[in-house]
Trainee: 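Please find one structure pasted underneath; my questions will follow.
Index from 1, following the sequence.
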Amino acid sequence: MAQKPFTRIIDVRSPAEYAENHIPGAVNLPVLTNDERAEVGRLYHQVSRFDARRLGAAMVARNTAAHLETFFTPHPEHSRFLLYCWRGGQRSRAMALILHAVGWDVTVIAGGYKNYRAHVRESLTHLCPQLRCHMLTGLTGSGKTQLLRRMAAGGHQVLDLEGLGEHRGSLLGDEPDRPQPSQKHFESLLLEKIERFDLTKPVWVESESKRLGRLWLPEPLWQAMLSSTVHEISVPAEQRADYLIREYPHFTAAPDALLGKLQTLKEACGGKQLTVWHDMIRAGQWREFVISILDRHYDPVYRRCQDFPAPSSHHSLSSVSAESVAEAAEELGRQAS
């Protein structure tokens, strides 16, 4: 008989280790805090292994007791827990021993996080070449992200790289108050998504450069994207500008942040052009500014940096309206079926 699924996956490593990367969906119940882990390590290297273990055991017992009185309190006897630490060693086994004594069903991941990380790398290498990628290309502001969202809502398989990477893939692509994940956690999120796909069916993805903010697309995924079936989306510049103004309200609300970011374009676009843009922003001429920066910077860069195959289909939208996006999504879905 198949076992029932785990109630929760528990990462017992320190908060700093968890923040760098963890199994998606895992909750962090550290048996050693960041400072405690550092103190045990110092004692291990400077005093003795025995003293480090004695201190560590006391800390683990206190922290596990606190978790028992909080996190575990509402969990009934039939709950099942999957635990892991760095290498499936002392920290996870220590908590597992106590949970077993209470009466819960507990499994410790053999090899711990280190083994999981190897699984992520190996699985991406194995699965990415099997993806049947259908890629949306088009100039900045063409509504590619909206199209992907509409297709996902319609039941199509979508790999939303910008959503997973918390970045819109350009100089101005930072998501306010939403930091990007670490490179390792980005790869964990990618694998979690890819493992849910039916690899016999198309997977829709937006054209991106190999770098997404400070993150890099894994090489196996990049190679799969280079072999995509490409669908080009086009929207008039004025409508693209209107769409971008709606999508980036944090810049119109705080123009100084935008002015600071534009400084990085001084070498590429020249000081004179930068001054023109600054004047437009200060005057609140947002439509004029967006149309200009699309024409002078974004569109030329996009055209130069397209590494993907020639489009197999072209789709012209009059605007990035809900109606236009819905019609295009339906047509794209028919073409790939």
Trainee: Can you list the steps and then say if Ser188 with Asn21 is a side chain to side chain donor-acceptor pair (under 3.5 Å)?
Mentor: CA-CA 8 Å; Ser188 294; Asn21 187 28; 2.9 Å; yes
Trainee: Could you check whether Lys261 pairs with Asp174 (Lys NZ or Arg NE/NH1/NH2 to Asp/Glu carboxylate O, under 4.0 Å)?
Mentor: yes
Trainee: I need the minimum non-hydrogen distance between Ser324 and Ser319, along with the two atoms involved.
Mentor: CB-O, 3.3 Å
Trainee: Is the shortest side-chain N to carboxylate O distance from Glu187 to Arg117 below 4.0 Å?
Mentor: yes
Trainee: Search all heavy atoms of Lys144 against all heavy atoms of Gly138 and return the closest pair with its distance.
Mentor: NZ-O, 2.8 Å
Trainee: Taking all non-hydrogen atoms of both residues into account, name the closest pair between Ala96 and Leu83 and its distance.
Mentor: N-CD2, 3.7 Å
Trainee: Kindly determine whether Phe72 and Trp104 satisfy ring pair (Phe, Tyr, Trp, His ring centres under 6.0 Å), including the steps that lead there.
Mentor: CA-CA 10 Å; Phe72 289 104; Trp104 283 305; 5.4 Å; yes
Trainee: Can you list the residues that meet the side-chain hydrogen bond (donor to acceptor under 3.5 Å, both in side chains) rule with Thr125, with sequence neighbours excluded?
Mentor: none
Trainee: Are any side-chain N or O atoms of Glu20 and backbone N or O atoms of Gln183, one a donor and one an acceptor, separated by less than 3.5 Å?
Mentor: no
Trainee: Heavy atoms, side chains only, cut-off 4.5 Å: are Leu161 and Leu221 in contact?
Mentor: yes
Trainee: Is any side-chain heavy atom of Ile23 less than 4.5 Å from a side-chain heavy atom of Leu82?
Mentor: no
Trainee: Under the 3.5 angstrom rule, does the side chain of Ser79 hit a backbone N or O of Pro76 as a donor-acceptor pair?
Mentor: yes
Trainee: So if you build clusters from Ile, Leu, Val, Met, Phe, Trp, Tyr with side-chain heavy-atom gaps below 4.5 Å, do Met225 and Leu199 land together?
Mentor: yes
Trainee: Around atom NZ of Lys210, are there more than 12 heavy atoms from other residues, nucleotides or ligands closer than 6.0 Å?
Mentor: yes
Trainee: With a 4.5 Å heavy-atom cut-off, do Phe6 and Thr107 have their side chains touching?
Mentor: yes
Trainee: Considering non-hydrogen atoms only, spot the tightest contact between Pro236 and Leu317 and give its length.
Mentor: CD-O, 3.3 Å
Trainee: Using the rule that two of Ile, Leu, Val, Met, Phe, Trp, Tyr join whenever any of their side-chain heavy atoms come within less than 4.5 Å, decide whether Met280 and Leu294 are in one cluster.
Mentor: yes
Trainee: Does any part of the side chain of His75, heavy atoms only, come nearer than 4.5 Å to the side chain of Arg8, both counted from C-beta?
Mentor: yes
Trainee: Hey, mind stepping through Ser312 and Thr229 against side chain to side chain donor-acceptor pair (under 3.5 Å) and telling me if it holds?
Mentor: CA-CA 7 Å; Ser312 64; Thr229 300; 5.6 Å; no
Trainee: Can you confirm whether more than 12 heavy atoms, excluding those of Arg49, are under 6.0 Å from its CZ atom?
Mentor: no
Trainee: Using a 3.5 Å distance criterion without hydrogens, assess whether the side chain of Arg80 forms a donor-acceptor pair with backbone atoms of Val106.
Mentor: no
Trainee: Keeping Arg240 on the side-chain end and Val235 on the backbone end, is there a donor-acceptor pair under 3.5 Å?
Mentor: yes
Trainee: Closer than 3.5 angstrom, by distance alone: can the side chain of Gln335 be matched with the main-chain N or O of Glu331 as a donor-acceptor pair?
Mentor: no
Trainee: With no hydrogens and no angle check, just 3.5 Å: does a side-chain donor-acceptor pair link Ser292 and Asp295?
Mentor: no
Trainee: Consider only side-chain heavy atoms of I, L, V, M, F, W and Y, link residues closer than 4.5 Å, and tell whether Leu226 and Val203 are in one cluster.
Mentor: yes
Trainee: Can you check whether Met95 reaches His67 side chain to side chain, under 4.5 Å on heavy atoms?
Mentor: yes
Trainee: Tell me whether Arg214 contacts the main-chain N or O of Pro181 through its side chain, where contact means a donor paired with an acceptor under 3.5 Å.
Mentor: yes
Trainee: Just by distance, no angles: are the side chains of Ser313 and His315 close enough, under 3.5 Å, to form a donor-acceptor pair?
Mentor: yes
Trainee: Counting neighbours of CZ on Arg132 that are heavy atoms of other residues, nucleotides or ligands and sit closer than 6.0 Å, is the number greater than 12?
Mentor: yes
Trainee: Within 45° of the ring axis of Tyr248 and under 6.0 Å from its six-membered ring centre, is that where the NZ or CZ of Arg168 lies?
Mentor: yes
Trainee: Are Trp222 and Phe308 an aromatic pair, judged by ring center distance below 6.0 Å?
Mentor: yes
Trainee: Looking at Val325, is its backbone amide N or carbonyl O close enough to the side chain of Gln146 to form a donor-acceptor pair, meaning the two atoms are under 3.5 Å apart?
Mentor: no
Trainee: Do Leu189 and Lys193 have side chains that get closer than 4.5 Å, going by heavy atoms?
Mentor: no
Trainee: If you count the non-hydrogen atoms of other residues, nucleotides and ligands that lie under 6.0 Å from CD in Glu267, is the total more than 12?
Mentor: no
Trainee: Any side-chain donor-acceptor pair under 3.5 Å between Tyr243 and Ser142?
Mentor: no
Trainee: Does the side chain of Leu159 reach to within under 4.5 Å of the side chain of Leu190, using non-hydrogen atoms?
Mentor: yes
Trainee: When the aromatic ring centroids of Trp204 and His231 are compared, is their separation below 6.0 Å?
Mentor: yes
Trainee: For His134 and Pro202, work out which heavy atoms get closest and say how close.
Mentor: CD2-CB, 3.6 Å
Trainee: Would you say the side chain of Asp279 lies within less than 4.5 Å of the side chain of Val276, judging by non-hydrogen atoms?
Mentor: no
Trainee: Should Tyr302 and Ser207 be marked as a side chain to side chain donor-acceptor pair (under 3.5 Å) after you check the CA-CA gap, both sets of side-chain angles, and the distance that decides it?
Mentor: CA-CA 10 Å; Tyr302 192 90; Ser207 60; 2.7 Å; yes
Trainee: For Glu232 and His314, does a side-chain donor sit closer than 3.5 Å to a side-chain acceptor?
Mentor: yes
Trainee: Distance-only criterion, 3.5 Å: show the donor-acceptor pairs between side-chain atoms of residues 27-40 and protein atoms not counting sequence neighbours.
Mentor:
from	atom 1	to	atom 2	distance (Å)
Asn28	ND2	Asp11	O	3.0
Asn28	ND2	Arg13	O	3.0
Thr33	OG1	Glu36	N	3.1
Thr33	OG1	Glu36	OE1	3.4
Asn34	OD1	Ser14	OG	3.4
Asn34	OD1	Ala16	N	2.9
Glu36	OE1	Thr33	N	2.9
Glu36	OE1	Asn63	ND2	2.9
Arg37	NH2	Glu17	OE2	3.3
Glu39	OE1	Arg42	NE	3.4
Glu39	OE2	Arg42	NH2	2.9

Trainee: Is the Tyr116-His22 ring centre distance short of 6.0 angstrom?
Mentor: no
Trainee: Can you get from Ile293 to Phe251 by hopping between Ile, Leu, Val, Met, Phe, Trp and Tyr side chains that sit under 4.5 Å apart?
Mentor: yes
Trainee: Looking only at heavy atoms, what is the nearest atom pair of Ile194 and Leu124, with distance?
Mentor: CD1-CD2, 4.1 Å
